[in-house]
Amino acid sequence: MNLASLLAQLQLTDSAFPSGLYTLSHGLEGYIQSGLAGPADLPGLLADLLRHAVGPGDATALVLAHRAAAEGDWDRLVAADRRLHAVKLNRELRSAATRTGRQVLDTAGRVFGGPAVGKLAALVREGATPGNHAVVVGTVHAGLGVPERQAVAGDLFAFASSWTASAVRMGRVDFRQAQAILYGAHPGIARAAAVALAARSPYDIHASVPLADIVSAAHERAEARLFTT
């Protein structure tokens, strides 16, 4: 990866990029509201989400979208996007994924441009594909020349960073504890990336997190919420 691609990736995955991720707890708020996530539980919970949800789900879709965009195979990209949308069982998770995806797509079009971003934006406008966040990010990275391995690792790290930041905002841990959790998640991020990189078709996109789905469903109806997920 050349320096220009690296700098573009760092900009896209930086917390200052207006993706809307700061509005998400990625399900953590639901766990806390249900009394299922004290400070000691957070490292294990993050590891489980990486292994059973984000890795085989969003990260896998990102890799498949990256490959499809790089090859100009838009039918394959749409199939991956629709599959990811289908495996997100809760309304708030589906809504958040497409809302942040379209926000990234709009900003990336203005900032980075490129034919891949323009083509995906047209497909989303036409209603041909949902425009999930992971698929958008994979497409943008492909257009910027970021290799798929670096793209998926960077996005998984961005997820874990956003997740731990939400734990700080909810007062479960302080900033130093959050950084320790994030550093401890590196092996889980590497394993999730390896799973995603081994994918060959949209049918490899899946997730199995029944408890996360239950707390997300409860979170949708919570009387007070700091985060949208």
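For this chain, numbers begin at 1 and follow the sequence in order.
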- Item | Of all pairs that satisfy side-chain hydrogen bond (donor to acceptor under 3.5 Å, both in side chains), the ones with a partner from residues 54-83, not counting sequence neighbours |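 side-chain hydrogen bond (donor to acceptor under 3.5 Å, both in side chains) check on residues 54-83 returns D58-K88, R67-E148, E71-R76, D73-R76, D81-T129, D81-N132.
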
Enumerate the residue pairs fulfilling side-chain hydrogen bond (donor to acceptor under 3.5 Å, both in side chains) with a member in residues 33-56, sequence neighbours excluded, ordered by first and then second residue.
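Residue pairs passing side-chain hydrogen bond (donor to acceptor under 3.5 Å, both in side chains), neighbours aside: none found.
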
Pair T98-H85, side-chain contact (heavy atoms from CB on, under 4.5 Å): steps then yes or no:
CA-CA 9 Å; T98 53; H85 205 59; 3.6 Å; yes

> If you group Ile, Leu, Val, Met, Phe, Trp and Tyr by side-chain heavy-atom gaps below 4.5 Å, do Y22 and L93 land in one group?
Replying inline: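 Y22 and L93: separate clusters.
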
- Task: Treating Ile, Leu, Val, Met, Phe, Trp and Tyr as nodes and any side-chain heavy-atom pair under 4.5 angstrom as an edge, say whether V124 and V78 lie in one connected cluster.
- Result: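 Same cluster.
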
Tell me whether R110 is salt-bridged to D106, with the criterion being a basic N under 4.0 Å from an acidic carboxylate O.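 A salt bridge is present here (some side-chain N lies under 4.0 Å from a carboxylate O).
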
query: Would you call R225 and E92 a salt bridge, using N to O less than 4.0 angstrom?
result: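 Yes, this pair counts.
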
Does either side chain, that of R99 or that of T23, offer a donor lying less than 3.5 Å from an acceptor on the other one?
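Distance-only check passes for R99 and T23.
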
Do you see a donor-acceptor pair shorter than 3.5 Å between the side chains of N2 and S5?
->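 Yes - a donor-acceptor pair under 3.5 Å links their side chains.
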
Of W163, F159, Y31, the residue whose pairing with H26 passes ring-ring contact (aromatic ring centres under 6.0 Å, His included)
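It is F159; the other options fail the test.
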
Side chains of D155 and H133: does their closest heavy-atom pair fall under 4.5 Å?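 Yes, their side chains come closer than 4.5 Å.
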
I want to check something: taking the side chain as every heavy atom from C-beta on, are Q9 and L144 in contact at a cut-off of under 4.5 Å?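 Answer no - side chains too far apart.
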
Working to the nearest 0.5 angstrom, can you tell me the gap between S216 OG and L28 CG?
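Nearest 0.5 Å value for the OG-CG distance: 12.0 Å.
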
Can any side-chain N or O of S161 pair as donor or acceptor with the backbone N or O of F157 at less than 3.5 Å?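 Such a contact is absent between S161 side chain and F157 backbone.
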
